[in-house]
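All remarks here apply to the structure that follows.
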Amino acid sequence: MRVILAGTDSQLQDAFSIRKKVFVEEQQVPVEIEIDEHENNSAHFVLYDGEKPAGAGRFRILDDKGKVERICILPEYRGKGAGNQIMAEIEEYAKKLPVEELVLNSQSYAVPFYEKLGYIVVSEEFLDAGIPHRKMIKKLEQEMSKRPV
């Protein structure tokens, strides 16, 4: 499996397709909430198993922080490291940008997944699209080549 930064309309549509399957169909999030006004100013990532899209994620800059959003994996790929692959690729992308911290709103059940990746819970539980979430942050270690000596 490989993760790519969506660079074509077809790849972007693959990301939207995965998000609709997971969030809209599986979790009953209204499509008008899932596909929102931030799509055009975000970087979109797609996980492929061969030619088949299997997962997706979105990244954007918000208030000088990297905002990780819409991380989703098709059911048959969960628990097999697919989420780790997407998160690793997003973090590598973010390290090349002028951001020092990543922030995300995790569905509450997924908090342990993000904690294993170094994220820390910084909020009480709240509802987003009717689903319990917790805000999490992670200090981003910049690439060694960018650090002052």
side-chain contact (heavy atoms from CB on, under 4.5 Å) between Gln85 and Tyr77: does it pass, once the steps are laid out?
-> CA-CA 11 Å; Gln85 280 187 263; Tyr77 293 95; over 6 Å; no

Output, in order, the C-alpha distance, side-chain angles, deciding distance and verdict of side-chain contact (heavy atoms from CB on, under 4.5 Å) for Ile86 and Ile73.
-> CA-CA 9 Å; Ile86 290 177; Ile73 306 295; 3.5 Å; yes

Verdict with supporting geometry, Met136 and Val121, side-chain contact (heavy atoms from CB on, under 4.5 Å) = CA-CA 4 Å; Met136 303 183 79; Val121 173; 3.8 Å; yes

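With sequence neighbours left out, the side chain to side chain contact (heavy atoms under 4.5 Å, CB included) criterion links Glu69 to Arg58, Arg60, Lys67. Residues that satisfy the side chain to side chain contact (heavy atoms under 4.5 Å, CB included) test with Ala129, not counting sequence neighbours, are Val29, Ile33. Applying the side chain to side chain donor-acceptor pair (under 3.5 Å) rule to Glu125 yields the partners Ser108; only residues at least two apart in sequence or on another chain are considered. By the side chain to side chain contact (heavy atoms under 4.5 Å, CB included) test, Lys20 is found to be paired with Val24, Val31, Ile35, residues two or more places apart in sequence or in another chain being considered. For Lys116, the side chain to side chain contact (heavy atoms under 4.5 Å, CB included) criterion is met by no residue, not counting sequence neighbours. Listed by chain and number, the residues in a salt bridge (charged side-chain N to carboxylate O under 4.0 Å, His left out) with Lys52 are Glu76 (sequence neighbours excluded). By the salt bridge (charged side-chain N to carboxylate O under 4.0 Å, His left out) test, Glu37 is found to be paired with no residue, residues two or more places apart in sequence or in another chain being considered. Contacts of Lys138 classified as side chain to side chain donor-acceptor pair (under 3.5 Å), with partners at least two apart in sequence or in another chain: Glu91. Considering only residues two or more places apart in sequence or on other chains, Lys65 meets the salt bridge (charged side-chain N to carboxylate O under 4.0 Å, His left out) condition with Glu101. The ring pair (Phe, Tyr, Trp, His ring centres under 6.0 Å) search around Tyr93 returns Phe45, Phe59, not counting sequence neighbours.
Two residues are said to be in side-chain contact when any heavy atoms from C-beta on lie closer than 4.5 Å; Leu62 and Val103 fail this criterion. Side-chain contact between Arg78 and Val22: present, with at least one pair of heavy atoms (C-beta onward) separated by less than 4.5 Å. Proximity of Leu47 to Pro53: side-chain heavy atoms (C-beta onward) are nowhere separated by under 4.5 Å. Side-chain contact between Cys72 and Glu26 is absent, with no heavy atoms from C-beta onward closer than 4.5 Å.
As a member of the Ile/Leu/Val/Met/Phe/Trp/Tyr network built from side-chain separations under 4.5 Å, Ile4 groups with Val46, Tyr48.
Listed here is the closest heavy atom pair of Gly50 and Arg2: O-NH1, 2.9 Å. Between Asp64 and Val99, the closest heavy-atom pair is O-CG1, 3.9 Å.
Distance CD/Gln13 to CD1/Ile18: 12.0 Å, rounded to 0.5 Å. Here the CD-CD distance, from Glu32 to Glu34, works out to 10.5 Å after rounding to the nearest 0.5 Å. Going from atom CD of Gln27 over to atom CD of Glu25 covers 11.5 Å, rounded to the nearest 0.5 Å. Note that the OH atom of Tyr109 and the NE2 atom of His133 stand 9.0 Å from one another [nearest 0.5 Å]. Once rounded to the nearest 0.5 Å, the distance linking CZ of Arg134 with OG of Ser123 reads 5.5 Å. The CD1 atom of Ile71 sits 8.0 Å away from the CZ atom of Phe113 when rounded to the nearest 0.5 Å.
Identified under the ring-ring contact (aromatic ring centres under 6.0 Å, His included) test for residues 14-39, with sequence neighbours left out: Phe16-His44.
Looking only at distances, no side-chain donor or acceptor of Arg19 sits under 3.5 Å from a matching main-chain atom of Ala56.
Put simply, the residue from Val68, Leu104, Leu102, Asn84 that forms a side chain to side chain contact (heavy atoms under 4.5 Å, CB included) with Leu117 is Asn84.
Atom CG of Asp63 has 12 or fewer heavy atoms from other residues, nucleotides or ligands within 6.0 Å. Counting heavy-atom neighbours within 6.0 Å of Glu124 CD, excluding the residue itself, gives a total of 12 or less.
Under the 4.5 Å side-chain heavy-atom criterion for Ile, Leu, Val, Met, Phe, Trp and Tyr, Ile137 and Val111 are members of distinct hydrophobic clusters. If you chain together hydrophobic residues whose side chains sit under 4.5 Å apart, Val3 and Leu97 fall into the same group.
Remark: Asp128 does not engage Lys135 in a salt bridge, criterion side-chain N to carboxylate O under 4.0 Å.
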